[in-house]
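Naming: A, B, ... by sequence-line order, numbering from 1 per chain. Because the structure is predicted, anything quoted here is derived from the model rather than measured.
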2 protein chains.
Amino acid sequence: MTPSATPVDSLPSSLVERKRRLVRERIVEAADELFSSQGFDNVSVSDIAARADVGRTTFFRYFGDKTEVVFAKEQAMLEAIALTASGETIGAARTPREAVEQLRPIVLEVCRQAAEDPAAYRRHASLVEQHLDLRARDALKTQQIAHDLAAVLQHRGTAEDVAVLAAEIALACYRTARRRATAESDLVRDTRTAFDQALAFGES
Amino acid sequence: MTPSATPVDSLPSSLVERKRRLVRERIVEAADELFSSQGFDNVSVSDIAARADVGRTTFFRYFGDKTEVVFAKEQAMLEAIALTASGETIGAARTPREAVEQLRPIVLEVCRQAAEDPAAYRRHASLVEQHLDLRARDALKTQQIAHDLAAVLQHRGTAEDVAVLAAEIALACYRTARRRATAESDLVRDTRTAFDQALAFGES
């Protein structure tokens, strides 16, 4: 059955959206509980689906695999970044510096959201730390941020060349803060500092 | 049997090193051939070990898993970066800018080595592109570059704070070039340009 044939699509789009979000949240919560109590390796997609009271097919409509559930929040952030691009009136950046300055508030907002729930942040960080595959997927998601930031700039009319460099520099500031911050509550402040330092490069 | 009990350890250390390198190369070549002819998913560690004419235990003495063999070259580069730190007389960088300038030749050398064998580079890139897990591990290896670059700076006496930011900016330049370069032969040139642009940030 294709998604377009599901009954949910006869509902108004806001309701469909709401229902999807709830199912997604249920899957994430179920996975979170199971990973905490039984360990990531001992939990299967079927376990998660059963606990969330959905079928495996439904699970795979929301997540590509078990690992993706661990990064549900990161994925939501990436989508939020992509959304930033639509319906706004900020013009093209002419220099890499201007482009980095345009990305700064977006990255700070990502940090704010990441640090919003300190307990969840720490639980996530500790789960990822324990598994090579999760660390690798985390690195890939982080890398994806740069792609999405470049897309925002290009959507505003910034040249690709400038957009790619600025996005990578912005990501470097974020990653610097992630490594420097000893508490998740420092993440926003430390990211702001890293941007200040990166933008001051030519001056020293 | 522990490694220290193997007969190879009774040889002079340069011979031991040489023998190790040859075994390692044989494993990498065997894996390369098998991945090309049968596809990454259809090849097991046992297949690789058999083709390289070594035991599984020997395989695992060199590589943590099947995926690691794909990144043997990256791993060797990381080790080369780490080696850079030892036995040199360059002093501490006082500013992030100076630190990025110190990292520049190291990153350019990494690029030169990566682009040395264009056919191997393309074969590697196309293999990685096809697998989510390989893309993830690639992202992790790339991220590791920043850790190792920061370590080089800290070894020279640079403050951790400065070292971390500079290493992430240097990595951003490398990643920008990897995304901009349409041919592997452009990698060194494009990395140099990205460094120029990043270092000119405060001027524009």
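Contact check on B:E168 versus A:R179 returns a salt bridge, with a Lys/Arg side-chain nitrogen under 4.0 Å from an Asp/Glu carboxylate oxygen.
Looking only at side-chain heavy atoms (C-beta outward), A:E160 and B:R180 stay at 4.5 Å or farther from each other. Put simply, the side chain of A:D65 reaches to within 4.5 Å of the side chain of B:L132, judged on heavy atoms. Looking at heavy atoms from C-beta onward, A:L140 lies out of side-chain contact with B:R137 at the 4.5 angstrom threshold.
Interface remark: B:A170 contributes no atoms to any contact with chain A (heavy atom separation under 4.5 Å). Of the two parts of A:A150, only the side chain, counted from C-beta on, holds a non-hydrogen atom closer than 4.5 Å to a non-hydrogen atom of chain B. Only the side chain of B:V100 comes within less than 4.5 Å of a heavy atom of chain A; its backbone N, CA, C and O stay farther away.
Other residues, nucleotides and ligands contribute more than 12 heavy atoms inside 6.0 Å of the CZ atom of A:R112.
If you tally non-hydrogen atom pairs under 4.5 Å between each of B:R94, B:Q143, B:Q197, B:R135 and chain A, the highest count goes to B:Q143. Counting heavy-atom pairs closer than 4.5 Å to chain B, the top-ranked of the candidates A:I169, A:L171, A:D161 is A:D161.
Between B:V164 and A:T176 the shortest heavy-atom distance is CG1-CG2, 3.9 Å.
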